[in-house]
Every structure is written in structure tokens, then in C-alpha cells.
There are 2 protein chains.
Amino acid sequence: MTASTSRRQRLRQATLEEIHAAARKLLVEQGSAAVTVNAVARQVGMSGPALYHYYAGHDELVGAVTADFFRELAAAMEQARDARDDAPLGDRILAACRAMRAWATAHPAEFGWIFASPVAPPDRRPDSARHQAALRFERILLDLVVELWRTRPFPVPDPAGLPASLREQLAAYSAAIGGRLPPEAAHVFLSCWIRLYGLLCMEVLHQLDFAYTDMAPVFDECLRDLAAALDLDRSGPPDA
Amino acid sequence: MTASTSRRQRLRQATLEEIHAAARKLLVEQGSAAVTVNAVARQVGMSGPALYHYYAGHDELVGAVTADFFRELAAAMEQARDARDDAPLGDRILAACRAMRAWATAHPAEFGWIFASPVAPPDRRPDSARHQAALRFERILLDLVVELWRTRPFPVPDPAGLPASLREQLAAYSAAIGGRLPPEAAHVFLSCWIRLYGLLCMEVLHQLDFAYTDMAPVFDECLRDLAAALDLDRSGPPDA
DNA sequence: TATGTTTCCTTAATGGCTCTAAAGAATCTA
DNA sequence: TAGATTCTTTAGAGCCATTAAGGAAACATA
């Protein structure tokens, strides 16, 4: 039973991968509007409605492919983070950030699809594969900053100086991440995240073409600001 | 001749405005995918192909509506800038920035449409109405910063400390804006623009919902950073 | 006022899309 | 070998963008 059943499942799995590859090929080569159920089915050699045996519809297909992109991006960042796990934590943080931009610039269509999928509103159900993959992606830097906070706390603002409304939101977020960062430290982390991710959003959406042809040095400067905010340059190796 | 001709033209103009209003209504109420040629035509009471007497196709309609949004956003910022033209320049800069976010949050669908119009790749021909309107929008803060630079120069980084590649791009941009800002000052301006616009992009694209329910205090803090970068708090009124 | 032109709008039609329904073929289970 | 499951196909409804052809109204002019 297991043998034959899993043979079917293997076949199904292979078809699913073919479908994803076809959708991605259409996205990269012809833009997001070309990723239609019919076109994807044609690409893998079946007729339109057959694809509904794999996905309930266009939106679900888009969500599955988006989850793939999140996973691939997360894997690239994790690999950079773990490439030299004897390196100082600060170096590993910066490596993960660089891997993020490297993936985004190597796969602009896919990265743009992630945060502004132009064909369907994102699936926000917290149990969707898309959401799970997005969480894994978002947690990579968070976990690194948590580790940094534990081993070598970075400077934080005085909570008393923050507006009450912001303090409350930071407290809620701090609780949502299990209290692994106090609100003030969460504030520093979120500020870094906004600058990093925001810059990549604008780059990929071509909002800065009017001024820059090569965003690499701009990103480098953003990383320097981030290193300063997290006090990464304070000293040498992590255990020194 | 003039009377009758302009009556026709007035009629046409009124129809154009009806079309734009219908497209916007569909966008706001049902999302960007609902802005179709047929649906818009239905909304204004004509049948699909009739709309082709006003626009060459779907993309041109989208471009015209997007230009409207840019103009409305720019007008809101200009009004805030000019509301009290006896106020210190720094206050007027901050007022324009606040007006930008106020418009974005009051019209999230329209603002999202501006930089990630999910139905058509933006028209980048430099003579398109969309492009002209985008330029007007982008120039508002630039002009303010130029004026600030002339009357009360803000601190700039040492160009020697910047990477060569960045220096070259900044020099090109400085030339593109008629040399009204030297490269180092242009760098400060662009950094501010990136942080401001990037934050709004992320807010409207719901990329920060995982942490914030109300971005107002986050934006306020961004404005404080901007004021610090431009040295707006140095002193009182402009002529003091 | 009569005539011709321009403008606006209609219907018809093509070919694409999403998605449902019904039915045939292949595969697995027993 | 018989029945159930799975995969796939064709047919079709209803949407979309767009083109083509023709009719009605408004306008300009003789």
C-alpha cells in the first residue's frame, strides 16, 4: 500500500513542482499578468481545468508560488547566516542582510511578487502556506537580533521618551514575540527592519530610478546605519 | 465657432471626469482588479467599446487615473506647504510631509495604486501625463530642500568618505536637477526621501501589520529623524 | 434651411480569461 | 477481475480587452 500510494504522491509532487516552475517561468519572462491558470496549464502540457485538481483556483496557485519564493529567500538568508557560524554575530547579521538583497536583485520579479503580488490580494489566513513562509522569513533577522540582545545588548532609547501610543504597540509586539525583546529593543529592531526592507521595496518597485542606477552603495550605507544602531562594531569576535 | 466647439469640449471634459470618478469608485470599493474597461463604462452608463473614444485602451485609462492621483497628492502637499508661508521653512517642510501621509492614509487604495499599480506596468514615457504628474510630486520636497539649502545649509557628509560609485551617481543626479544641490546635499535629500517614502510604501502595502496597528507615531519619529538630518530645529523663525 | 462632416455611441464578433459540470480514461484497491 | 479513486478532457457560462462596422446626433457650411 505505502509503495503504490506514495508512487502516486510522488507523481503528484512532481506535477506540483512542474506547475510551480511553469508559473515562475511565466512570471519572470512575461510578467505577473502572464501567470494565468490557462497559461500555466498550457506550459505543463495539460488543458486549463486540469489544474484545478492541484489548486482550487488562481489565487491559491499564486499563494503557493509566493510561499515558494518566501522559502527560497529565507533559505538564502539562512545559508548566509550559517555559512560561518564561528564568525562574530554581527558579521552573520550583515551576511543575512546582504543575502536578502542579493536574492532580491537576482530575482526581482519574484521579490516584487512577494510584497506586491499584482494579481491577487495576499492570503492573510494565518494557517496558509504563504503566511507560514512569510513568518519564517521575518523571523530570521528577529532571531538574530534576539541572540544579539542576549549576548551583547545594544543601546536602546529611554521608553519614557516614546509616545504612549508607540509604547503600547511595542509592548504588544514584545509580548507577541514571547518577550524575547523588551519593547525598547523591539523598537530598535523594527526601525532597522523598516529601513532595510523599505529600501529593497523601493528599489524593486523602481521608485528610485530617478536618482540611482546602482543601489549597491546605497544599500551598503543602510547596512552601516544598521550596524551602528545595533552597535555591531563595538569589538571583535563574539567571545572576545 | 468657439462657443459651439467649446460646448462639445465641455461635454467631453465632463464625461472624462465621470470616467475617472467611476474608475476611482471601482478601485476604492472593489479593489484594483475591478477597474476594467467594461466595468468603468457600465458605471458611467455606456457600453464597453464606447470608452475607446476617450482612451486608447485599458492601460491609458489607468495611466490617466494615476496621473489624477499624483496631482491630487501633490496639491495636498502644496497646500500644506503654502498654508502659512510666513512660517519657518522647516515647519513648511514638515507640514508637506505630514500632508503626504495624511493623503496616503485617507486614500490607501489610490496611494497603493500610485507606486504599485497592480493592473498595468507604469507608463515610463517621459511625456506621459502620468510621468509629468509624478515629477511634480517628486519635486515638491526637492524644491523645499533646495530652498533650505540656499537659506540655511544643513550639514552634509564629507564626499571623500563616500564610495566612488555613489559619488558618481550623486554627481549625475546633482546635474540632473540643475546643480541646485551639490552631490553631498543631494545625498542627504535622497536619504530623507527614501526613509519617508519607503515608510509610507510599507505602511500602505501592509508590510508592517505584524508589529503595528497605528503607524502615526512611527511616522512622527521618522519626521524627527528627518528634521535632525536637515537641521530644522536649529533655531526659530526663518528670518530670526 | 439643406448637406456633408465630425463626434459619439451602439451592436457584433474574436479570442482570451476563470471556473463549473459532466464524462472518459488511467490507476490503484481489494 | 470488479469497484473506487484519481486524473484529465471537452463543453459551456460569463467575464474581460479590443476591433470593426454602422447608426444617430451635433456641428459647420453653403
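Proteins come first, then strands; the chains are lettered A, B, ... in the order of their sequence lines, and each starts at number 1. As the structure is a prediction and not an experimental result, all values here were calculated from the model.
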- Separation of atom CD in B/Gln9 from atom C1' in C/dC8, rounded to whole Å: 15 Å
- Task: Could you tell me how the ring of A/Phe111 sits relative to the ring of A/Phe115: parallel (under 30°), tilted (30 to 60°) or perpendicular (over 60°)?
- Result: perpendicular
- Item | Proximity to the side chain of B/Arg12 - top-ranked nucleotide from C/dT11, C/dC8, D/dT8 | C/dC8
- Message: Using a heavy-atom cut-off of 4.0 Å across all strands, would you classify A/Gly48 as base, sugar-phosphate, or nothing?
- Response: nothing
- Does A/Ala39 or B/Ala50 map to a spot on DNA chain C nearer the 5' end, using the closest nucleotide for each? B/Ala50
- Task: May I ask you to list the residues of residues 16-28 of chain A, by number, that have any heavy atom positioned under 4.0 Å from an atom of DNA chain D?
- Result: none
- Query: What integer distance in Å separates B/Tyr55:OH from C/dC8:P?
  - Reply: 13 Å
- Among the nucleotides D/dT8, D/dC16, C/dC17, which one has an atom lying closest to any side-chain atom of A/Thr36? C/dC17
- Item | Base-contact (B) and sugar-phosphate-only (S) positions in nucleotides 20-25 of chain C, heavy-atom cut-off under 4.0 Å, - elsewhere | B-----
- Can you tell which of D/dT8, C/dG16, C/dC8 lies closest to the side chain of A/Arg42? C/dG16
- Task: Could you check how far CG of A/Leu51 sits from C1' of C/dC19, rounded to whole Å?
- Result: 12 Å
- Parallel, tilted or perpendicular: rings of B/Phe189 and B/Tyr173 (30°, 60°): parallel
- Query: Considering only C/dG16, C/dT18, D/dT18, which nucleotide approaches the side chain of A/His58 most closely?
  - Reply: C/dT18
- When you check the gap from the basic side-chain N to the acidic O, do B/Arg24 and B/Glu72 get nearer than 4.0 Å? yes
- Message: Counting C-beta onward and ignoring hydrogens, is there a side-chain heavy-atom pair between A/Tyr54 and A/Met46 closer than 4.5 Å?
- Response: yes
- Task: Please collect all side-chain hydrogen bond (donor to acceptor under 3.5 Å, both in side chains) contacts where either partner lies in residues 38-50 of chain A, sequence neighbours excluded, each pair once.
- Result: none
- Considering just the side-chain nitrogens and oxygens of B/Asn38, establish if one lies under 4.0 Å of OP1 or OP2 belonging to D/dC15. no
- Looking at the side chain of A/Met46, which of C/dT10, C/dT18, D/dT9 is the nearest nucleotide? D/dT9
- Message: Below the 4.0 Å mark, does D/dT8 have OP1 or OP2 next to a side-chain nitrogen or oxygen of A/Tyr54?
- Response: yes
- Message: Tell me whether the count of non-hydrogen atoms from other residues, nucleotides or ligands lying under 6.0 Å of CZ in B/Arg84 goes above 12.
- Response: no
- Query: Would B/Phe137 and B/Trp193 count as a close aromatic pair, with their ring centres under 6.0 Å?
  - Reply: yes
- Item | Between C1' of C/dC28 and CG of A/Leu11, the distance in whole Å | 12 Å
- Item | Spacing of A/Glu60 atom CD relative to C/dT18 atom P, expressed in whole Å | 15 Å
- Query: More than 12 non-hydrogen atoms from neighbouring residues, nucleotides or ligands closer than 6.0 Å to CD on B/Gln132, yes or no?
  - Reply: yes
- Message: Do A/Val62 and A/Arg130 make a side-chain contact, defined as non-hydrogen atoms from C-beta onward lying under 4.5 Å apart?
- Response: no
